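All remarks here apply to the structure that follows.
For clarity, every value in this text was computed on a predicted model and none was experimentally measured. We count ligands from 1, going down the list as the structure has it; atoms in each ligand are counted the same way.
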Amino acid sequence: MDTKAFFKLSYGLYIVTSKDHNHESGCVINTMTQVTSEPSQVCVTLNKENYTTQLIQKSGVLNVSVLLEKVSMDTIRQFGFQCGKDVNKFEGIDYEEDQNGVKYLTQESAAMFVCKVNKTVDVGTHLMFICEVQDTKVLEEGTVLTYAAYHEKKNGTTPKSAPSYVEVKDKTGWRCDVCGFIYEGETLPEGYICPICKVDASHFHKIENLS
Ligand SMILES: Cc1cc2nc3c(=O)[nH]c(=O)nc-3n(C[C@H](O)[C@H](O)[C@H](O)COP(=O)(O)O)c2cc1C
């Protein structure tokens, strides 16, 4: 199998949110797809370990914010690299609540989808939630963020003038093709699992010279 074929697939980037009685969370996903138009159905696929997944399983409702290209990396970090069990995902974020009481982003977001889970499919490491779309709203016009654009941004060099610039030379590493996490080292440890999105080693590809 030529795993490079997977890089030919195009995706968008989204933040899916959910809540139960006392808890709430949200996480970055690239796995939202429209399933049917009549009735309006979409599906999202989330890792079983995600806190958001557990909340969706309990409540049966979720909201999806469609991210704009201008989304800040702080928002991506907050929702894509931290767990809602440890941090308040909505701190410093502009949001409103949908008809199910689920928060959605009113910043950096092109549109939102109010969803009710119709069917849950166990696909091994992940659960696929097939949802009825109860309502939608266009929030802001602008270029929506594609997964490819996210990677281009992430790979973009930091200007030397920026305070965050760090010079790294002659190092190799492995990049997760799901979330972009970089493992620094010549060899990926056997049975390695991405600490961010929990996919296995087959999703890592080698990159030379991390600078
Ligand atoms: C670019 C990007 C794409 C991601 N795509 C997915 C995805 O499709 N499914 C998933 O379960 N997690 C995905 N993740 C990882 C989750 O967003 C991340 O594990 C999050 O911290 C989970 O938060 P939670 O535990 O509060 O739910 C992605 C992360 C990033 C940065």
Side-chain angles (χ1 to χ4, degrees), residues 6-7 9-20 22-35 42-93 95 102-105 108-110 113 115 117 120-131 144-156 174-183 192-200 202-205 207:
F6 289 98
F7 302 136
L9 299 174
S10 56
Y11 308 94
L13 271 192
Y14 312 90
I15 288 180
V16 58
T17 48
S18 190
K19 62 164 273 193
D20 68 4
N22 305 312
H23 309 95
E24 60 190 2
S25 195
C27 66
V28 175
I29 61 158
N30 62 287
T31 49
M32 182 191 188
T33 310
Q34 181 169 2
V35 180
V42 294
C43 72
V44 294
T45 306
L46 274 81
N47 196 291
K48 288 176 182 172
E49 302 294 324
N50 290 7
Y51 189 43
T52 312
T53 311
Q54 295 166 28
L55 297 175
I56 296 170
Q57 281 183 287
K58 277 192 206 154
S59 65
V61 291
L62 59 95
N63 193 299
V64 185
S65 299
V66 181
L67 295 177
L68 285 166
E69 204 175 274
K70 67 176 184 180
V71 68
S72 75
M73 287 308 284
D74 283 344
T75 304
I76 298 279
R77 262 191 289 278
Q78 194 153 328
F79 284 92
F81 291 89
Q82 300 181 81
C83 183
K85 277 184 195 159
D86 310 321
V87 296
N88 172 8
K89 293 279 182 115
F90 295 94
E91 192 169 343
I93 300 287
Y95 62 81
V102 178
K103 289 176 182 166
Y104 61 92
L105 279 72
E108 306 166 329
S109 174
F113 289 71
C115 300
V117 178
T120 303
V121 184
D122 189 327
V123 287
T125 51
H126 289 60
L127 292 178
M128 179 186 279
F129 298 108
I130 300 168
C131 308
V144 293
L145 179 62
T146 64
Y147 198 42
Y150 170 76
H151 281 290
E152 274 158 30
K153 278 185 184 174
K154 199 169 161 51
N155 292 342
W174 296 75
R175 177 179 286 114
C176 172
D177 64 84
V178 175
C179 72
F181 174 78
I182 292 173
Y183 172 87
Y192 190 70
I193 300 287
C194 178
I196 304 302
C197 67
K198 317 285 190 300
V199 295
D200 65 24
S202 68
H203 288 273
F204 281 77
H205 62 280
I207 40 173

Of all protein heavy atoms, the one nearest atom 27 (O) of ligand 1 is Thr52 OG1, 2.5 Å
Nearest 0.5 Å please: distance from the CZ atom of Phe79 over to the CD1 atom of Ile93.
4.5 Å
Measure centre to centre between the rings of Phe204 and Tyr192, then say whether the value is under 6.0 Å.
yes
Any side-chain donor paired with an acceptor under 3.5 Å for Asp74 and Ser72?
no
Heavy atoms only, cut-off 4.0 Å: how does Ser25 contact ligand 1, side chain, backbone, both, or neither?
side chain
Among all protein non-hydrogen atoms, which one is nearest to atom 19 (O) of ligand 1, and what is the separation to 0.1 Å?
Ile196 O, 2.9 Å
Please report the interatomic distance CG(Leu46) to OH(Tyr51), rounded to the nearest 0.5 Å.
14.5 Å
contact_flag Lys89 ligand 1 heavy-atom lt 4.0 Å:
yes
Which heavy atom of the protein is the closest neighbour of atom 22 (C) of ligand 1, given with residue, atom name and distance?
Cys27 CB, 3.5 Å
Of Leu55, Val102, Val117, the residue whose pairing with Val61 passes side chain to side chain contact (heavy atoms under 4.5 Å, CB included)
Val102
Of the listed options Leu55, Val199, Asn47, Thr45, closest to atom 9 (N) of ligand 1 (non-hydrogen atoms):
Thr45
Tell me which part of Thr53 gets within contact of ligand 1: side chain, backbone, both or neither, using heavy atoms under 4.0 Å.
neither
Before we go on, tell me: are the rings of Phe90 and Tyr104 under 6.0 Å apart, centre to centre?
no
Could you tell me whether Thr31 and ligand 1 have an N or O pair separated by under 3.5 Å?
yes
For atom 14 (N) of ligand 1, grab the closest protein heavy atom and report residue, atom and distance to one decimal in Å.
Val28 O, 3.1 Å
Pairwise distance OG1(Thr53) to NZ(Lys48) - rounded to 0.5 angstrom
10.0 Å
Can you tell me which residue and heavy atom of the protein come closest to atom 21 (O) of ligand 1, and the distance to 0.1 Å?
Gln82 O, 2.7 Å
To the nearest 0.5 Å, atom OH of Tyr11 lies from atom OG1 of Thr31 at 9.0 Å
Would you mind telling me which of Lys19, Lys58, Lys103 makes a salt bridge (Lys or Arg N to Asp or Glu O under 4.0 Å) with Glu24?
Lys103
May I ask you to identify, for Phe79, whether its side chain, its backbone, both or neither come under 4.0 Å of ligand 1 on a heavy-atom basis?
backbone
How far is atom 1 (C) of ligand 1 from the closest protein heavy atom, and which atom is that?
Tyr150 CE2, 3.6 Å
Just need the protein heavy atom nearest to atom 5 (N) of ligand 1, so name the residue and atom and give the distance.
Asn30 OD1, 2.9 Å
Is it the case that the side chains of Ser18 and Ser59 hold a donor-acceptor pair, with the cut-off being a distance below 3.5 Å and no angle test?
yes
Less than 3.5 Å between some nitrogen or oxygen of Gly84 and one of ligand 1, yes or no?
yes
For atom 18 (C) of ligand 1, what is the nearest protein heavy atom, given as residue, atom name and distance?
Gly80 O, 3.3 Å
